[in-house]
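Take a look at the structure below.
Numbered from 1 within each chain, the chains take letters A, B, ... in sequence-line order.
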Amino acid sequence: GNSVTQMEGPVTLSEEAFLTINCTYTATGYPSLFWYVQYPGEGLQLLLKATKADDKGSNKGFEATYRKETTSFHLEKGSVQVSDSAVYFCALRGSQGNLIFGKGTKLSVKP
Amino acid sequence: SAVISQKPSRDICQRGTSLTIQCQVDSQVTMMFWYRQQPGQSLTLIATANQGSEATYESGFVIDKFPISRPNLTFSTLTVSNMSPEDSSIYLCSVEETFTSDRSYGYTFGSGTRLTVV
């Protein structure tokens with residue numbers, strides 16, 4: 001069945017450091033892929049998405065590329081800020097229309 | 001994008017009681033999804049609610065424990081029945097924005113209901 005494997009944290013970085021959070025998936029076909037973010041005390045927000053292979057999603061300096069060869073959708077940001085501290089979830093659209101989530105990665109950015 | 005109003009935002013309940021959570025969407029949607037997020041964990045799908053038919057439950061979740069109503073295309077409720085402390089979680093509803101040509105354009109989530117059972 002469909003599943004998402006996500007790098008587990010927590011991840012602690014200094015401000016302006018480079019961020020990579022690894023995400024790989026198992027799926028039939030090429031489902032749409034997503035990164036969601038949950039800031040402390042807030043709800044889930046869509047960070048970026050990619051709807052087909054080789055698409056690159058980007059938002060707020062974050063990027064992720066849909067790689068069908070490696071079944072990956074790694075999240076990257078060149079220079080993190082304290083305000084990026086949050087939990088990040090990789091997800092794919094399941095065949096029944098629901099989202100299937102990875103376990104989440106907690107990111108803490110120190111000044 | 002769709003806007004979801006979810007109520008209540010939080011509640012503290014006695015064990016053995018029930019709580020009904022409501023989600024109101026500002027547009028008509030075919031499917032609504034209900035998730036549970038246990039403390040420090042990821043989101044797990046409870047069930048999918050379609051208007052005019054019974055909800056479809058995931059493995060480990062049963063209708064007697066989590067009855068769902070879907071009276072129209074903009075509203076749904078999830079009831080957590082006969083609660084125990086293990087039911088303490090955040091419960092969220094969600095809808096898909098657009099799905100065309102085998103591509104999804106994202107999902108909107110309610111703000112969540114933080115349930116504590118004592």
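Proximity to chain B is limited to the side chain of F89(A), based on heavy atoms less than 4.5 angstrom apart. Proximity to chain A is limited to the side chain of L45(B), based on heavy atoms less than 4.5 angstrom apart.
Counting heavy atoms of neighbouring residues, nucleotides and ligands inside a 6.0 Å radius, atom CD of E42(A) exceeds 12 of them. Other residues, nucleotides and ligands place no more than 12 heavy atoms under 6.0 Å from the CD atom of E54(B). More than 12 heavy atoms of other residues, nucleotides or ligands sit less than 6.0 Å from atom NZ of K65(B).
Hydrophobic clustering, with ILVMFWY side chains joined whenever heavy atoms are under 4.5 angstrom apart, groups L92(A) together with I21(A). Under the 4.5 Å side-chain heavy-atom criterion for ILVMFWY residues, a single connected hydrophobic cluster contains both W35(A) and Y30(A). Y66(A) and F62(A) end up in the same hydrophobic cluster when Ile, Leu, Val, Met, Phe, Trp and Tyr side chains are linked at under 4.5 Å. When hydrophobic clusters are built by joining Ile, Leu, Val, Met, Phe, Trp and Tyr residues whose side-chain heavy atoms come closer than 4.5 Å, directly or via intermediates, V4(A) is not grouped with L43(B). Using a 4.5 Å cut-off between side-chain heavy atoms of Ile, Leu, Val, Met, Phe, Trp and Tyr, with links allowed through other members, V62(B) and Y57(B) fall into different hydrophobic clusters.
Against chain A, the residues from residues 4-37 of chain B that qualify, each with a non-hydrogen atom under 4.5 angstrom away, are M31(B), F33(B), Y35(B), Q37(B) in number order.
Interface check for chain B: of the options V87(A), I100(A), L44(A), the most heavy-atom pairs under 4.5 Å are formed by L44(A). Listed options Q45(A), Q6(A), Q38(A) were ranked by heavy-atom pairs under 4.5 angstrom with chain B; first place goes to Q38(A). With chain A as the partner, the residue from S111(B), G112(B), G106(B), G110(B) showing the most heavy-atom pairs under 4.5 Å is G106(B). Ranking G43(A), G104(A), G97(A) against chain B, the residue ahead of the rest is G97(A), based on heavy-atom pairs under 4.5 Å.
From Y36(A), atom OH reaches atom OG of S94(B) across 6.5 Å, with rounding to the nearest 0.5 Å. Here the straight-line distance linking atom CD of E58(B) with atom CG of N98(A) works out to 6.0 Å at 0.5 Å rounding.
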